[in-house]
Amino acid sequence: MENINFYYELKNNYNLQNKHLFKKHTGNAKYYYQLIFGENLENDLNELHKLYNSKTPFKIFGLHTNLYITDNGYDGIFIDVNLKNKNIYFNKDLKTFTVSSNVTVSELVKYTMELGYDFAALTGIPGLIGAGITGNAGWTPTRKCFSDFVQEITLYDFKEGKNIKIIPDKNFFDIRNSFIKQQNKEKTRYFVKEAILKSDYIGKNLVKEKHDAQLQKREKSLYFGYKDGTAGSLWSTPHLKRIIGMSFNSMLKENPSINANFNGATYSQNGSHFFTTDFNTTDKDVAKLFIHTINKVKEIYNVELHKEILILDNDGEIDLETFIKRNS
């Protein structure tokens, strides 16, 4: 790429197999880059601003949870958010926490717990703060998401080439969704740099009690999720809960016929029965499972499934219908 001067090394033709938590093989990214916080971050964001209207697209990822990469790879720059130089700052006067987006959710929960502030509802949510805000991550039993804690967000706008601050209004977040997520679907316009979060002070002991109780509920599911090789939820549980009061996991337990195995594309027998694959699973195998699942759920429960996972193909993020059409 001419006239683009990233501070660190830009790699070419990078294999993406280790960039999701699935076992299946993937294609390559045309380019790969690590976005590192610190004094050179602004330089790299400005360089991406130059690329915004070019023919070379880019996508920015955290810890790759809820990500499915196709056999085709990605014909752009696959960018990882590096975990170096992360920061949490506690404002004693305002009782708020300013958090860089490369802090993990678990680090935030542990840090705030020591000070007695209640972010326990986020316990067990994988990934980084920036991704959690973008996807408005949460866990259904607590009925709380990032939207319950976010006071202000600092974004870098790749279209305008500048930092902006946003105070979310009631329309900014939705279930497992946000204004940022929607704006970034076709083209990555916004990058979460940091956020100001706030929660109630209830004391360390009570926060720990709530944290431990939630972790106990999630621990088995999380363990098997990583052990079996999954990126997490494929189908939106909040959507199903709202429509019929059931999770997809409950559906699988109640009606095992919803599950199937197409060359390793299946739902795990362990934990929360997350979607998983094998080393030789192809996109065509996965499409067969998706079709089977959608049809079975429609037949038994008369409800449409909503995809939660992000599918990355060679031309960027694609919807479920496009993925199935390309692989049927």
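Asp44 CG to Ile79 CD1: the interatomic distance, rounded to the nearest 0.5 Å, is 8.5 Å. Here Thr277 contributes atom OG1 and Phe262 contributes atom CZ; the two are 14.5 Å apart, rounded to the nearest 0.5 Å. Rounded to the nearest 0.5 Å, atoms NZ (Lys241) and OG (Ser236) are 11.5 Å apart. How far NZ of Lys204 is from CG of Leu115: 9.5 Å, rounded to the nearest 0.5 Å.
In this structure, Phe90 has its ring center at least 6.0 angstrom away from the ring center of Tyr111. The aromatic ring centroids of Tyr267 and Phe248 lie less than 6.0 Å from each other. Aromatic ring centres of Phe6 and Tyr33 lie closer together than 6.0 Å. Taking the centre of each ring, Phe290 and Trp235 come in below the 6.0 Å mark. The aromatic ring centroids of Phe149 and Phe97 lie 6.0 Å or more from each other. Taking the centre of each ring, Phe146 and Phe119 stay at or above the 6.0 Å mark.
By the 4.0 Å N-to-carboxylate-O rule, Asp285 lies too far from Lys24 to be salt-bridged with it. Under 4.0 Å is where a charged nitrogen must lie from a carboxylate oxygen, and between Lys193 and Glu42 at least one such pair does. A salt bridge is absent between Asp118 and Lys144: the closest approach of a Lys/Arg side-chain nitrogen to an acidic carboxylate oxygen does not fall below 4.0 angstrom. Glu47 has a carboxylate O that lies under 4.0 Å from a charged side-chain N of Lys50, or vice versa, which qualifies the two as a salt bridge. Between Asp319 and Lys307, none of the side-chain N atoms (NZ, or NE/NH1/NH2) sits under 4.0 Å from a carboxylate O, so this pair counts as no salt bridge.
Between Leu67 and Ile309, the closest heavy-atom pair is N-CG1, 3.7 Å. Minimum heavy-atom separation, Asn184 to Lys59: O-NZ, 2.9 Å.
Between the side chain of Thr26 and the backbone N or O of Gln17, at least one donor-acceptor pair lies under 3.5 Å. Checking side-chain atoms of Ser328 against main-chain N and O of Ile324 turns up a donor-acceptor pair under 3.5 Å. Without hydrogens or angle criteria, Thr134 side chain to Ile180 main chain gives no donor-acceptor distance under 3.5 Å. A donor-acceptor pair is defined here as one N or O able to donate and one able to accept, closer than 3.5 Å; such a pair exists between the side chain of Thr266 and the backbone of Ala260. Distance alone, capped at 3.5 Å, is enough to place a donor-acceptor pair between the Asn91 side chain and the Leu94 backbone. At least one donor-acceptor pair under 3.5 Å links the side chain of Thr188 to the backbone N or O of Phe58.
No hydrogens or angles considered: nothing links the side chains of Asn249 and Ser247 as a donor-acceptor pair under 3.5 Å. A side-chain N or O of His64 and one of Asp80 form a donor-acceptor pair less than 3.5 Å apart. Between the side chains of Asn28 and Tyr74, no donor-acceptor pair of N or O atoms lies under 3.5 Å. A donor-acceptor pair shorter than 3.5 Å cannot be found between the side chains of Tyr52 and Asp157.
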**Q.** Tyr301 vs Asn255, side-chain hydrogen bond (donor to acceptor under 3.5 Å, both in side chains): CA-CA, chis, key distance, verdict
**A.** CA-CA 10 Å; Tyr301 295 99; Asn255 286 283; 2.6 Å; yes

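Other residues, nucleotides and ligands contribute over 12 non-hydrogen atoms within 6.0 Å of the NZ atom of Lys298. Remark: Lys208 NZ is loosely packed, at most 12 non-hydrogen atoms of other residues, nucleotides or ligands lying under 6.0 Å away.
Looking at Tyr156, Phe179, Phe172 one by one, the single match for ring pair (Phe, Tyr, Trp, His ring centres under 6.0 Å) with Tyr190 turns out to be Phe179. Here the rule is side chain to side chain donor-acceptor pair (under 3.5 Å) with Thr70, and of Asn314, Asn327, Thr282, Asp313 only Asp313 fits it.
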